[in-house]
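So the structure is just underneath, and the comments pick up after that.
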Amino acid sequence: MKKKKMVSLAMAGTLALSTLLTGCGGEGEADQSAESAGSVAGEGSSAEQEPEGGAESDAGSGSGEKVTITYWHIFPEGDAFKPVHDELVKRFNESQDEIYVEDLGISFFDFLSKMDTAIPAGTGPDVAFMDLTESLRRAEAGVLVDLTPYIERDNYDMGQFYGWTQEIATYNDHWYGIPFAGGGRFLVYNKDMFEAAELDPEQPPRTLEELAEYADKLTKVKEDGEIEVLGFHPTLGNVSFRDYVLNRGSVFFTDDSKPVVNSGANLETIEWYVEMTNKYGAKQVQSLQAASSTTGIDPFLAGFVAMEVNVVDFYKKLSESDINYGVAPMPGLKEGENATQGGSFDLEIFDHGDQKKADAAWEFLKFMTSIESQQYWASENKWPSTNQAAMDSCTEFNEDPVWQVILEVMAQTKVTKYEPTAPNWWNLLAPELEAAQLEQKTPEQALNDAQQAIETAIENNAVLGN
Amino acid sequence: MGRNQKGQGRRMKRRENLMGYLFASPWLMGFFIFTLYPMCSSLYYSFTNYNTLKAPKWIGLRNYQIMFTSDPLFWKSIWNTVYYAVLSVPLGIAMGVLIALLLNRKVRGMRFFRTIFYLPTVVSSVAVSLLWMWILEPNFGLLNTFLGRIGIIGPGWLTDPAWSKNSLILMSLWSVGGGMLIYLAALQDVPESLYEAATIDGAGAFKKFFKITLPMITPTLFYNLITGVIGGLQVFSQAFIMTNGGPSYSTYFYGYHLYNKAFSEYQMGYASALAWVLLVMTLLLSLIIFKTSDKWVYYEGK
């Protein structure tokens, strides 16, 4: 406990030093953000625009006629994150009088299929709120505007974004999207259940060994075998096998894109995964998974599990629940050595061959990913921004232990990159994992079969000329 | 005058033809734009590598080559689909005939029962799937709760690979109402005089059913068999909603493989090729059934 406090004190100290004392979010911020918005618009004004599009861009900014760009995102009417998102768009539109952003919120479940049909038809928006982990597929296909010239022209500091987002936002050293919001995963735990099991609620498990120990103590089984409370289950929450592999410092592909799914480290991981899956009986957990995926009710929030791994933007739901919760980084093999898989959304500009619109869209991207916008987004929506400079300099986070853990997690997040030769590798691995969990195959057999299937897929892709 | 009349007649006929096409044109346009054109382009795409973002690239027969030589999931999905169709189609027919026989009796309130049995057919397959997920839920689902009462520990219907396909087959029987309605109509077409004659000859109920009823409704059985086989090979939505093709590929049907290739891996070319292979398989099966129909289908007045 002492150790943790010292760590957070030290972190707070460094944060205080690095911060510009801006604070973030909250009231009384309106003035400040209006100011900053002004400066952003100033930067983008016609005076500073390099030729690039030549006459076209001159016409765009000089004539005083507004350039309207369309922007699609995943926050439809009624979405919990919509008000903050709308406010950002509004602020951009009010910050200058050259560009108008016309936005459209589409439910996340329809969003991708709508984009999938709109992109090839050329009827898509100028800017979209996309899944960064898939952006390379679009970059590869040439439907995105290369942002590198803009970044170089404006000296836009891409180093301010988390390293793991940089890793997946670049393709052949070119940028095709600016990370917006996302993060890794953390362990959430029920403090009341900890106390009932005589565990210190301020002392969450730090290692996988401790995790298993705690899980045993927290699990409550009725006499007829029905599970009342599950201490921990590796598949409940928002987590996958990928997280546990990255957590142990292992990978699925080498840096030069060779599959190493059945490596020794991964075998250890799957053995642990299968053991933890079936420890308290598989049937109830399977039905629980099915129930929670149909109803959308989270087992932790429903009070069925004492600990679960979930994405860091689960913070908003946690904060709105009546559960006495705590959060901690994912327990690792050794204390402090841990990681989870990161996911992020980014803003991408689609290439419609219109330089004026692309230029305007770039100004919008800069505004949305600026420190001020990103801080406002994170603190109001409790959904971490991917701008590390924004996250680290938000003094408001210093007093909040949950944000402290999130900041720690964000820095340790890793990614599984898009593999152009086997984009569907996960679809081939997942059923094999299932077979291992159901004890239809030994863990070793399952991984070998997955490796084989992925190798075949790579060969087939080569035959197809992909 | 005669010639004039003839000319007039021809003109009228032409006008009639024109009017005919005009009236049919909404359907014709729909057919050309939404059926024929997509079919032709999917045939073209099946010879290309097409990921929806880049222009399709001609690769000849390579999609087909991969399908038959190095796509293990292709064969797995065929096996699953055939298993499903072979069990669900005959069971569905038997069940449909059985219910139709029951509903063909002259009992009070029969209309009510007919409506009840037909109702599931009207409900969208998504809603039916969601409903059945709860019925088949292993711990507190309706089915296992009932089995528990009589001392049987029910399996994980959808979560156990040994049961998942059978569960979907069981579930498919819920919507035999469509077929039932057609059998019911056929049953009512069987002339009463045949039964009367059989009764006079001293035939029992079983004999009457197998010697009169069944032969008389064979044209309907034939029709339902064909549509059933075609539908069975296209099974998709249950697996998509209820099991995601799992657990461990046990409900990974052909339609699911096709969907997966098209919309999660964006291999439209490959998916189109899969669709054409399915079409050919369906055609072949239908042809075989047609060929055998001479042997067992009885048409009145033939």
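So that the names make sense, note that chain A is the first sequence line, chain B the second, and so on, each numbered from 1.
Sparse packing is recorded around CH2 of B/W79, with 12 or fewer heavy atoms of other residues, nucleotides or ligands lying under 6.0 Å away. Atom CZ of A/F108 has 12 or fewer neighbouring heavy atoms from other residues, nucleotides or ligands inside a 6.0 Å radius. Environment of OH in B/Y44: crowded, with over 12 heavy atoms of neighbouring residues, nucleotides or ligands closer than 6.0 Å. Heavy-atom contacts from other residues, nucleotides or ligands closer than 6.0 Å to CZ of B/F31 number more than 12. Applying the 6.0 Å contact sphere to CH2 of B/W163 captures no more than 12 heavy atoms from other residues, nucleotides or ligands. More than 12 non-hydrogen atoms from other residues, nucleotides or ligands lie less than 6.0 angstrom from NZ of A/K279.
No donor-acceptor pair under 3.5 Å is formed between the side chain of A/N424 and the backbone N or O of B/E265. At least one donor-acceptor pair closer than 3.5 Å links the side chain of A/N460 to the backbone N or O of B/S70.
Contact annotation for B/T69: neither backbone nor side-chain heavy atoms come within less than 4.5 Å of a heavy atom of chain A. For A/Q437, no part lies under 4.5 angstrom from a heavy atom of chain B. In this structure, chain B has a heavy atom under 4.5 Å from the side chain of A/E134, while its backbone stays farther away. With a 4.5 Å cut-off on non-hydrogen atoms, B/D160 does not touch chain A at all. When heavy atoms are compared at a cutoff of 4.5 Å, B/Y266 approaches chain A solely by way of its side chain, counted from C-beta outward. Heavy atoms of A/L433 lying under 4.5 Å from chain B are absent altogether. In this structure, the portion of B/L73 lying under 4.5 Å from any heavy atom of chain A is its side chain and not its backbone.
Side-chain atoms of B/L53 and A/E140, non-hydrogen and from C-beta on, never get closer than 4.5 Å to each other. Residues B/Q267 and A/L464 have side chains in contact (heavy-atom distance under 4.5 Å, counting atoms from C-beta outward). Contact check for B/T52 versus A/I119: no side-chain heavy atoms found under the 4.5 Å cut-off.
Summarising the geometry, atom CG belonging to A/L438 is positioned 8.5 Å from atom OG belonging to B/S250; distances are rounded to the nearest 0.5 Å.
In this structure, a donor-acceptor pair under 3.5 Å is absent between the side chains of A/E432 and B/S248.
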